[in-house]
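Notes for the one structure printed next.
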Amino acid sequence: MSDKDKQPLAASASASQMAESADAALKHIVDGFLHFHHDVFPQQEELFKKLATAQSPRAMFITCADSRIVPELITQSSPGDLFVTRNVGNVVPPYGQMNGGVSTAIEYAVLALGVQHIIVCGHSDCGAMRAVLNPDSLEKMPTVKAWLRHAEVAKTMVHDNCDCASEGESMKVLTEENVIAQLQHLRTHPSVASRMANGQLFIHGWIYNIETSEIRAYDADQAAFRPLGGDGPIPCATPKARF
């Protein structure tokens, strides 16, 4: 058999391997559900009965769609504790630019659920932030490229003000500036601005380190990120109430 004749067989074998891998991935997810259904759910059945008709989350948690970020795991929260919204780059579009899922979720969380805290959480090794630094990598992903324009202000801040020596350093500063930028966008939402002004809502900017599990939180008074769980009060990004 010639090399040319072998090519379709090689392609077929590769497709078969991929199919097996896909089947295995799905089976792992289904097995996880079955374990939850048969073993975990019965232990928390009373909790789910309470949640079946109402929710009263402690906070809204806006974070990246990255599969390594699991808000409930990181904060050790139970079902019903967090109202979670995830997207590429933990972006919050400014009010009025895009009446999409993030804006809708914010308005619902504040006005319908009455959350008292909104946390915007970025993370280390963020692919979205790497793409912001290297926009050519998004040429075949026009939708992602358009979405990440909401992080352009953070990129400009880094470009104009940070004499970064490496991409790693640029990534760290960009991740921080992106969280700050999204907090600024968050404040343009009328429901958020009003409840912040009268002291009913508090906003927070966090950065989670995947490798170490540490979180640094933005302190508006110091204009810097400080370790969460350090000395003193919990860092907060909320300006003082005016009413």
Side-chain angles (χ1 to χ4, degrees), residues 57-64 66 68-77 81-87 89-92 106 109-110 115-130 132-133 150-151 153-189 192-193 195-242:
R58 290 191 169 98
M60 181 179 192
F61 201 100
I62 302 172
T63 192
C64 189
D66 193 300
R68 299 168 293 179
I69 311 304
V70 185
E72 292 83 359
L73 177 64
I74 294 169
T75 62
Q76 287 295 281
S77 297
D81 286 347
L82 299 178
F83 188 74
V84 178
T85 296
R86 304 179 65 155
N87 65 72
N90 40 273
V91 161
V92 178
I106 290 168
V110 174
V115 297
Q116 295 179 301
H117 299 276
I118 300 180
I119 300 163
V120 177
C121 184
H123 66 94
S124 61
D125 192 46
C126 181
M129 295 302 98
R130 187 169 288 107
V132 170
L133 286 178
H150 294 298
V153 61
K155 180 182 178 181
T156 301
M157 292 290 288
V158 174
H159 181 270
D160 291 351
N161 300 291
C162 177
D163 188 19
C164 298
S166 65
E167 182 171 299
E169 186 179 352
S170 296
M171 279 279 290
K172 177 180 180 295
V173 179
L174 178 63
T175 301
E176 293 177 351
E177 288 300 324
N178 183 57
V179 167
I180 295 170
Q182 305 316 319
L183 288 172
Q184 292 172 340
H185 293 170
L186 182 61
R187 292 172 61 182
T188 68
H189 290 251
V192 173
R195 298 215 173 182
M196 283 177 56
N198 63 26
Q200 294 181 5
L201 179 66
F202 304 89
I203 62 173
H204 311 270
W206 292 2
I207 296 175
Y208 170 67
N209 188 307
I210 295 171
E211 185 175 4
T212 66
S213 81
E214 295 173 327
I215 289 178
R216 291 180 299 118
Y218 186 67
D219 187 323
D221 292 334
Q222 298 186 17
F225 284 86
R226 297 198 293 110
L228 198 62
D231 296 333
I234 298 173
C236 187
T238 312
K240 291 182 179 178
R242 302 197 303 277

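Remember, it's a predicted structure, so these values are computed and weren't measured experimentally. Along the sequence shown, the residues carry numbers beginning at 1.
- Taking OH of Tyr208 as the reference point, atom CG of Leu228 lies at 12.5 Å (rounded to 0.5 Å).
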Only pairs under 3.5 Å count here: list side-chain donor-acceptor contacts from residues 156-165, not counting sequence neighbours, and write none if there are none.
{"from": "Thr156", "atom 1": "OG1", "to": "Glu152", "atom 2": "O", "distance (Å)": "3.1"}
{"from": "Asn161", "atom 1": "ND2", "to": "Met157", "atom 2": "O", "distance (Å)": "3.0"}

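- Judged by distance alone, with hydrogens and angles left aside, the side-chain atoms of Gln182 form a donor-acceptor pair with the main-chain N or O of Val92 at under 3.5 Å.
- Aromatic ring pairs are classed by plane angle as parallel below 30°, tilted from 30° to 60° and perpendicular above 60°; the pair His117 and His204 is tilted.
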query = When you look at Ile74 and Ile215, which way does the side-chain contact (heavy atoms from CB on, under 4.5 Å) test go after all the steps?
reply = CA-CA 10 Å; Ile74 294 169; Ile215 289 178; 3.8 Å; yes
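- By the salt bridge (Lys or Arg N to Asp or Glu O under 4.0 Å) test, Glu169 pairs with no residue at all, sequence neighbours left out.
- Once rounded to the nearest 0.5 Å, the distance linking CD1 of Ile207 with NE2 of His123 reads 10.5 Å.
- Shortest non-hydrogen contact noted between Trp206 and Ala217 is CD1-CB, 3.6 Å.
- For Arg86, the side-chain contact (heavy atoms from CB on, under 4.5 Å) test picks out Thr63, Ile69, Pro71, Val84, with sequence neighbours left out.
- Judged by distance alone, with hydrogens and angles left aside, the side-chain atoms of Thr85 form no donor-acceptor pair with the main-chain N or O of Ile62 at under 3.5 Å.
- Each salt bridge (charged side-chain N to carboxylate O under 4.0 Å, His left out) pair with one or both residues in residues 207-220, not counting sequence neighbours, appears once here: Glu176-Arg216, Asp219-Arg226.
- Between Gly89 and Cys64, the shortest heavy-atom distance links the atoms N-SG, 3.5 Å.
- Cys236 meets the disulfide bond (SG atoms under 2.5 Å apart) test with no other residue; sequence neighbours excluded.
- When the shell of 6.0 Å around CD1 of Ile234 is examined, it contains 12 or fewer heavy atoms from other residues, nucleotides or ligands.
- Applying the side-chain contact (heavy atoms from CB on, under 4.5 Å) test to Pro227 and every residue at least two apart in sequence or in another chain returns nothing.
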